[in-house]
**Student:** 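My questions all concern the structure below.
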Number of protein chains: 2
Amino acid sequence: MHNENVYIFLGFMSTMNRRATIRDVAELAAVSVATVSRVLNGSELVTGITADSVRLAAERLGFRLNSIGRNLRSTKTQTIGVILPTLTHPVFADCLQAIEIKAADSGYGLVIATTSYDPANEERASELLLRNRVDGLILTVANANKSRLLEKLDREAKPYVLVYNQPTGAAKHRASVGVDNRLAAKQVTEHIIANGHRHLCMVSGPFAQSDRARARARGFADALEHANLPATAPLQVDFMRTDIRAQLFEVTSTRPTPTAFFCSSDQLAIRVMHSLRSLGLRIPEDVSVAGFDGITLGDWLTPALTTVVQPTNEIAESAFTLLKSIIDGERYLGSARLHHTLRTGGTVAKPPDHPAQSPKKGTL
Amino acid sequence: MHNENVYIFLGFMSTMNRRATIRDVAELAAVSVATVSRVLNGSELVTGITADSVRLAAERLGFRLNSIGRNLRSTKTQTIGVILPTLTHPVFADCLQAIEIKAADSGYGLVIATTSYDPANEERASELLLRNRVDGLILTVANANKSRLLEKLDREAKPYVLVYNQPTGAAKHRASVGVDNRLAAKQVTEHIIANGHRHLCMVSGPFAQSDRARARARGFADALEHANLPATAPLQVDFMRTDIRAQLFEVTSTRPTPTAFFCSSDQLAIRVMHSLRSLGLRIPEDVSVAGFDGITLGDWLTPALTTVVQPTNEIAESAFTLLKSIIDGERYLGSARLHHTLRTGGTVAKPPDHPAQSPKKGTL
DNA sequence: ATGAAAGCGCTAACAT
DNA sequence: ATGTTAGCGCTTTCAT
């Protein structure tokens with residue numbers, strides 16, 4: 001019927017250096033823009049026939065909805081922002097991947113920013129996303145109890161859900177999804193102790209960068225106390241920036257020599273094992289090592305890494321679902337403490353009968 | 001001077017459930033919206049005094065620029081889209097991280113989507129980003145020579161830069177950044193051969209999902225041919241979905257037994273090593289393994305993984321810079337073939353004097 | 001140096 | 001069931 005017009009328009013549009021708008025579609029389909037909008041949004045109010053002609057016109061013109069126009073008008077963007085410390089750590093990368101799948105599934109887009117564990121970047125990152133008017137945020141901050149960014153989000157009543165963070169005390173109202181870090185850390189530590197170890201050392205990332213690390217250190221302390229073992233201060237290492245071999249040499253050559261190391265993350269555990277081996281120590285014959293996170297890769301190592309598994313996909317999905325209900329106006333929603341599991345690999349075993357051989361000085 | 005008004009407005013705005021707009025700022029500063037816009041965009045045309053009063057008003061009102069309004073008007077979004085197969089693979093996660101840092105640095109936002117290596121998802125993902133009118137795209141597709149998505153981008157003259165993909169032939173015009181996969185693969189293979197191996201097996205991800213894998217397989221074949229060794233077909237494994245142990249058992253129990261494995265990625269190499277070890281083979285005493293990518297983690301393994309290192313950060317930065325110049329209107333820009341390096345770890349050594357011991361049947 | 005006014009593409013009242 | 005119209009927040013001529 002409109003065939004002639006169609007071709008005229010096609011030629012017209014392809015000549016123009018401008019994308020077809022809803023208006024062009026309306027014109028070609030000989031309906032109003034409102035009708036086109038309704039069809040685009042799947043409104044039931046439109047007759048099948050007109051709807052078809054609109055869809056045809058849209059296709060002919062290579063029409064693609066301009067989300068910006070829609071967003072400006074509807075003050076919703078169908079986009080959520082994700083702020084994470086880094087993607088270099090598999091825990092966060094895998095989490096983001098899971099969020100992306102879930103979001104895409106629900107028709108949401110994702111805009112992301114990373115902070116390199118620096119609260120100053122949290123500020124910058126959030127402003128970028130907020131200017132883009134994301135509907136809500138999924139994020140991991142350095143400290144969920146004291147965070148300028150979270151105060152801002154609270155003040156502005158911007159929906160957000162924390163992942164991995166575990167706010168406590170006055171910050172308990174903040175929506176979060178993750179495992180019970182303290183309890184989980186206590187349990188791995190107990191597992192190590194159950195293997196017969198009496199001299200344990202915790203190796204942790206910088207406390208200032210991670211409330212998780214602090215919570216895990218408390219769980220570590222809990223287990224020691226419960227087993228009547230003397231408390232030992234965690235060794236804090238900035239393993240992203242510095243070589244940890246020297247610090248480990250220090251520890252392994254001080255009496256009483258630790259026979260087991262609990263690391264605050266799997267990534268750190270892998271680095272620690274590497275350093276220990278380079279100091280001439282075998283794992284687990286001379287020294288045991290456990291991690292935290294449950295990254296897939298830990299399972300492919302030989303021996304496989306003993307660790308606490310956080311259910312990454314569940315965390316991501318749960319966070320997204322929770323965020324969406326907050327966005328949709330439900331308030332006073334609780335946080336989710338998800339189940340963790342202990343994965344016993346081969347890196348934790350009985351301590352050696354004789355005190356660990358003193359490490360070779362090697363190339364230190 | 002305007003102190004009284006200021007407080008009235010402050011109370012006003014905080015009572016309102018609406019963010020301050022440029023108009024509110026203009027009113028409070030007693031200037032026009034145009035002036036406010038100029039100040040916000042750092043125009044030189046505004047007097048210092050008026051600029052200050054605008055900035056003051058903006059701060060008082062807690063004004064935050066609405067990018068959506070700006071984007072709609074200026075038809076630029078200062079946002080780039082990133083489409084990658086997965087973030088579960090450190091190569092892509094690290095690349096995305098590097099892109100994010102570079103983009104943030106240049107005031108660009110990032111919207112992302114993943115495809116799970118499925119071209120159908122490439123379509124979905126790209127539509128999401130294009131509806132959001134990203135200024136350009138950085139992406140890795142399954143096949144850079146034959147891609148519906150890339151044809152669409154070409155047709156629409158949408159700026160994009162491929163990463164890791166290496167288009168050839170008729171697709172050579174497509175902007176891309178990465179290493180010479182074929183050459184690099186040839187060189188690792190030569191390194192393996194130089195260690196004395198005569199029976200090599202390549203283990204690869206599915207060719208259909210990755211033109212890189214295909215290019216690397218060609219490099220592998222090049223090296224075999226150059227050394228007058230018989231060509232062997234790569235073992236294609238879908239290691240994300242299936243257990244590869246059975247397939248490796250097959251290979252290691254067929255004569256001539258391979259003494260070395262070249263894997264199309266580090267992640268795959270790690271899985272292969274795990275499977276080989278579970279078959280009772282020691283690395284590198286019984287069998288050598290090499291990877292491709294140079295993920296950081298390979299260095300922390302014991303022994304460290306022998307592999308080709310792709311310069312992830314340079315790839316990301318180079319891709320962003322190239323994309324930006326395309327966006328800024330420069331045409332006919334070449335692609336970048338970046339340098340790769342061979343990282344010799346401990347996983348490749350001389351083949352055993354006697355043919356590799358036949359693998360234990362174990363729990364198979 | 002600053003202002004007035006148009007309009008980017010879309011949705012949502014309201015009207016019919 | 002469909003059309004008319006106002007306007008979301010901003011930038012950008014064009015005036016002055």
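Order of the sequence lines fixes the chain letters, A, B, ..., with proteins taken first and strands second; residue numbering starts at 1 for each chain.
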**Student:** Among C/dT11, D/dT11, D/dC10, which nucleotide has an atom closest to any side-chain atom of B/T21?
**Tutor:** D/dC10

**Student:** Under a 4.0 Å threshold between the charged nitrogen and the carboxylate oxygen, would A/E122 count as salt-bridged to A/K152?
**Tutor:** no

**Student:** Compare every heavy atom of B/E100 with every heavy atom of A/T114, then report the nearest pair and how far apart it is.
**Tutor:** OG1-OE1, 2.6 Å

**Student:** When you compare the side chain of B/I80 with that of B/Y160, does any pair of heavy atoms fall below 4.5 Å?
**Tutor:** no

**Student:** Apply side-chain hydrogen bond (donor to acceptor under 3.5 Å, both in side chains) to the pair B/D135 and B/T77, showing each step before the final yes or no.
**Tutor:** CA-CA 6 Å; B/D135 291 340; B/T77 56; 3.2 Å; yes

**Student:** Taking five pairs at each end of the helix from C/dA1-D/dT16 to C/dT16-D/dA1, what angle separates the two helix axes (nearest 10°)?
**Tutor:** 30°

**Student:** Considering just the side-chain nitrogens and oxygens of B/N41, establish if one lies under 4.0 Å of OP1 or OP2 belonging to D/dT11.
**Tutor:** yes

**Student:** Look at B/K102 together with B/D105 and state whether they make a salt bridge at an N to O cut-off of under 4.0 Å.
**Tutor:** no

**Student:** For D/dC8, does OP1 or OP2 lie under 4.0 Å from any side-chain N or O of A/T75?
**Tutor:** no

**Student:** If you compare all heavy atoms of B/Y164 against all heavy atoms of B/T312, which two are closest, and at what distance to 0.1 Å?
**Tutor:** OH-CG2, 3.8 Å

**Student:** Taking C-beta and beyond as the side chain, do A/N66 and A/R19 meet within less than 4.5 Å on heavy atoms?
**Tutor:** no

**Student:** Between the protein and nucleotides 1-4 of chain D, which nitrogen or oxygen pairs are less than 3.5 angstrom apart?
**Tutor:**
unit_1 : atom_1 : unit_2 : atom_2 : d
D/dA1  : O5'    : A/L45  : O      : 3.4
D/dA1  : O3'    : A/T47  : OG1    : 3.4
D/dT2  : OP1    : A/T50  : OG1    : 3.3
D/dT2  : OP2    : A/T47  : N      : 2.7
D/dT2  : OP2    : A/T50  : OG1    : 3.0
D/dG3  : OP2    : A/S32  : N      : 2.7
D/dG3  : OP2    : A/S32  : OG     : 2.9
D/dG3  : OP2    : A/T35  : OG1    : 2.5
D/dG3  : N7     : A/R38  : NH1    : 3.4
D/dG3  : O6     : A/R38  : NH2    : 2.6

**Student:** I want to check one thing: is the phosphate of C/dT11, taken as OP1 and OP2, less than 4.0 Å away from some side-chain N or O of A/R70?
**Tutor:** yes

**Student:** At under 4.0 Å between heavy atoms, what does B/L65 touch on the DNA or RNA strands: base, sugar-phosphate, or nothing?
**Tutor:** sugar-phosphate

**Student:** Under 4.0 Å, heavy atoms only, any strand: does B/N71 hit a base, just the sugar-phosphate, or nothing?
**Tutor:** nothing

